[in-house]
Number of protein chains: 2
Amino acid sequence: MKQFTKHTVKNSLKRIFLYRACLTRLKLLGVEKVYSYTLSDETGVTSDQVRKDFSEFGITGNKRGGYDVDELIDKMEKIFHRNKDHNLVLIGMGNLGTSLSRLKEIIDRFRVKVAIIAVPEISAQEVTDELIQSGIKGIINFAPVLLKTPADVIVNNVNLCDELESVIYYVHNQMKSEGTKNLDLLYRGTKY
Amino acid sequence: MKQFTKHTVKNSLKRIFLYRACLTRLKLLGVEKVYSYTLSDETGVTSDQVRKDFSEFGITGNKRGGYDVDELIDKMEKIFHRNKDHNLVLIGMGNLGTSLSRLKEIIDRFRVKVAIIAVPEISAQEVTDELIQSGIKGIINFAPVLLKTPADVIVNNVNLCDELESVIYYVHNQMKSEGTKNLDLLYRGTKY
DNA sequence: TGTGTTTTGTGAATTGTTTCACATTATATC
DNA sequence: GATATAATGTGAAACAATTCACAAAACACA
Ligand SMILES: NC(=O)c1ccc[n+]([C@@H]2O[C@H](COP(=O)([O-])OP(=O)(O)OC[C@H]3O[C@@H](n4cnc5c(N)ncnc54)[C@H](O)[C@@H]3O)[C@@H](O)[C@H]2O)c1
Ligand SMILES: NC(=O)c1ccc[n+]([C@@H]2O[C@H](COP(=O)([O-])OP(=O)(O)OC[C@H]3O[C@@H](n4cnc5c(N)ncnc54)[C@H](O)[C@@H]3O)[C@@H](O)[C@H]2O)c1
């Protein structure tokens, strides 16, 4: 396993989410073993890329035998630090805060040490400042503002307007279909 | 202005969102003119990158004079096709659907031709199939499932679990502070 | 009007990511 | 067990994105 480079990990990490989503679905369907091309078919990521990503995270399979679904899921859980103990804070139990329907599940299953900000725009920075005082190092921000934080704090913004406008942009500049390729912000489906 | 390449546009487009967020804030504060380094300070993107991005989208400023805030915002509106007429559909007026607090504003201001899916996981594919039958080419999907769509349909997934786990990952693998750099999925703050 | 300074805009160099190509290994079959 | 086959895993090549470096333009001020 190579030394992680920030960029490589960032891209492959996002794909790992995708692989896992497929794997849990496949597991429910009773599938026990997958090949790189299985995941390729399901996600649209090339099988080369699947293997390269696995290699990146030190995930190995069996030559000729493919990968064991349970084992893969397990290794991914470890990547996401599901097995460690953390704390989570949700600030703002308004419409959005209460709508996070799977939150309890998330808290129970993943137990993280980050904060979710779902307060009105105007209070977001103030709340952030308090959180940082109390040692929070990771924030998911639903308020449509750019939070000021020290450099060691990770902020992940979820902004519906931006998501929407991305889609508009792509729909309008109808970039011709090339199969499922760009999984970064957007992706295109394949099979139908 | 160069011919758009898919990748270049994708990355720079995301940064354009960021610039615009800053610009509208700066405008409120009465700022009328910005330089590439102003936006760099505000967003953490290098000033080189800011200019390169602008160049990519055919946005030009004044040598020595910087950029006019109003003009920049206006050009960005055009990039996002705010000035065109469209239709928008929201499917699922449950907790999440009703929590999209700025939705009316979005519909009024942006008028798009995409669908927002906020129905339970189990119904998401079925709803998607119907939407595609009726000609929808862009979807924002809040259900935590990978939708199957034809290759010419743009899908943008918003998945809280994934966002959360990204943050956990980065907090854990405490990638040492290098200022605000990665704006892709995550970004780090600068000033405090 | 000329000179110095600041800032843009963009090719070139560098750095990062994906794809290719193939050696390696596991399994199935005879 | 020998052979054919199917899959992984990974350097090397190709491609894409970012950073560098600097020419060109605009402005300030004498
Ligand atoms: N990014 C997105 O996709 C998206 C979607 C919907 C809403 N939003 C944003 O999420 C935020 C919340 O939206 P909402 O509809 O739930 O709003 P809301 O007004 O229904 O709820 C806000 C809640 O925050 C609480 N609050 C206010 N100030 C607080 C403080 N200083 N500390 C703790 N709690 C505080 C309020 O009591 C309230 O319960 C808003 O900023 C909204 O713009 C974002
Ligand atoms: N991705 C995220 O960040 C995030 C956050 C919260 C919730 N969610 C997801 O968003 C979805 C909605 O969450 P929610 O809390 O609002 O759920 P909800 O149960 O409160 O609301 C679902 C709504 O969809 C409607 N619906 C069901 N089937 C439909 C159909 N075939 N056509 C039209 N409408 C239909 C229901 O009547 C209901 O009003 C879920 O899939 C949930 O997992 C995602």
Side-chain angles (χ1 to χ4, degrees), chain A residues 1-16 18-19 31-41 43-69 71-72 75 175 178-187, chain B residues 1-16 18-19 31-41 43-69 71-72 75 175 178-187:
Chain A
M1 185 161 72
K2 272 186 264 178
Q3 191 64 28
F4 287 166
T5 63
K6 205 161 167 185
H7 257 85
T8 309
V9 167
K10 183 163 62 68
N11 287 1
S12 46
L13 185 68
K14 274 185 271 185
R15 288 189 299 264
I16 296 277
L18 206 58
Y19 303 146
V31 177
E32 287 174 7
K33 203 188 269 191
V34 293
Y35 304 100
S36 58
Y37 61 79
T38 317
L39 288 171
S40 174
D41 287 350
T43 63
V45 176
T46 65
S47 56
D48 289 331
Q49 186 75 78
V50 171
R51 293 202 302 281
K52 199 74 167 177
D53 288 339
F54 285 3
S55 165
E56 188 76 42
F57 284 95
I59 294 174
T60 57
N62 275 33
K63 286 195 163 135
R64 172 107 201 220
Y67 305 86
D68 180 82
V69 170
E71 220 173 290
L72 272 186
K75 280 172 175 166
M175 287 158 167
E178 293 166 35
T180 305
K181 283 226 171 136
N182 281 295
L183 295 146
D184 219 335
L185 174 64
L186 298 163
Y187 73 91
Chain B
M1 186 161 73
K2 271 184 265 178
Q3 191 64 30
F4 287 166
T5 62
K6 203 163 171 186
H7 257 86
T8 309
V9 167
K10 181 164 61 71
N11 287 359
S12 46
L13 185 68
K14 273 185 273 184
R15 288 189 299 263
I16 296 277
L18 206 59
Y19 305 145
V31 178
E32 287 175 7
K33 202 188 271 189
V34 292
Y35 304 100
S36 58
Y37 60 79
T38 317
L39 288 171
S40 174
D41 286 351
T43 62
V45 176
T46 66
S47 56
D48 290 330
Q49 185 75 77
V50 171
R51 294 201 302 281
K52 199 76 166 176
D53 288 339
F54 284 4
S55 165
E56 188 75 42
F57 283 96
I59 294 173
T60 57
N62 275 34
K63 285 193 164 138
R64 172 106 200 220
Y67 305 85
D68 180 82
V69 171
E71 220 173 290
L72 271 187
K75 281 173 175 167
M175 288 158 167
E178 292 165 34
T180 305
K181 283 223 170 141
N182 281 294
L183 295 146
D184 217 336
L185 176 64
L186 297 165
Y187 74 91

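Lettering of chains follows the sequences in order, A, B, ..., and the numbering in each one begins at 1. As the structure is a computational prediction, the values presented were derived from the model and not from experiment. Just so you know, these numbers use all the heavy atoms, side chains as well, and skip hydrogens, waters and symmetry mates.
When the local axes at the two ends of the helix from C:dT1-D:dA30 to C:dC30-D:dG1 are compared, using 5 base pairs at each end, they differ in direction by 10° after rounding to 10°.
Close to D:dG9, at under 4.0 Å from its OP1 or OP2, lies no side-chain N or O of A:R51. In this structure, A:Y37 reaches the D:dA7 phosphate: one of its side-chain N or O atoms is under 4.0 Å from OP1 or OP2. Phosphate proximity of C:dT10 to B:S55: present, with a side-chain N or O under 4.0 Å from OP1 or OP2. Contact between the side-chain N/O atoms of A:R15 and the OP1/OP2 oxygens of C:dT18 is found at a separation under 4.0 Å. A close approach under 4.0 Å does not occur between any side-chain nitrogen or oxygen of A:Q49 and OP1 or OP2 of C:dT17.
Taking the side chain of A:T46 as heavy atoms from C-beta on, and the options C:dT18, C:dT8, C:dT19, the nearest nucleotide is C:dT19. Relative to the side chain of B:D48, the nucleotides C:dT7, C:dT8, D:dT19 differ in distance, and D:dT19 lies closest. Comparing D:dT10, D:dA7, D:dG9 by their nearest atom to the side chain of A:K52 picks out D:dT10.
Across all strands, A:F54 comes closer than 4.0 Å to no nucleic acid atom at all (heavy-atom distances).
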Between A:Y67 and A:L39, is the side-chain contact (heavy atoms from CB on, under 4.5 Å) condition met? List the steps.
CA-CA 10 Å; A:Y67 305 86; A:L39 288 171; 5.8 Å; no

For nucleotides 25-30 of chain C, just jot down a letter per nucleotide in 5' to 3' order: B, S or -, based on protein non-hydrogen atoms under 4.0 Å.
BBB---

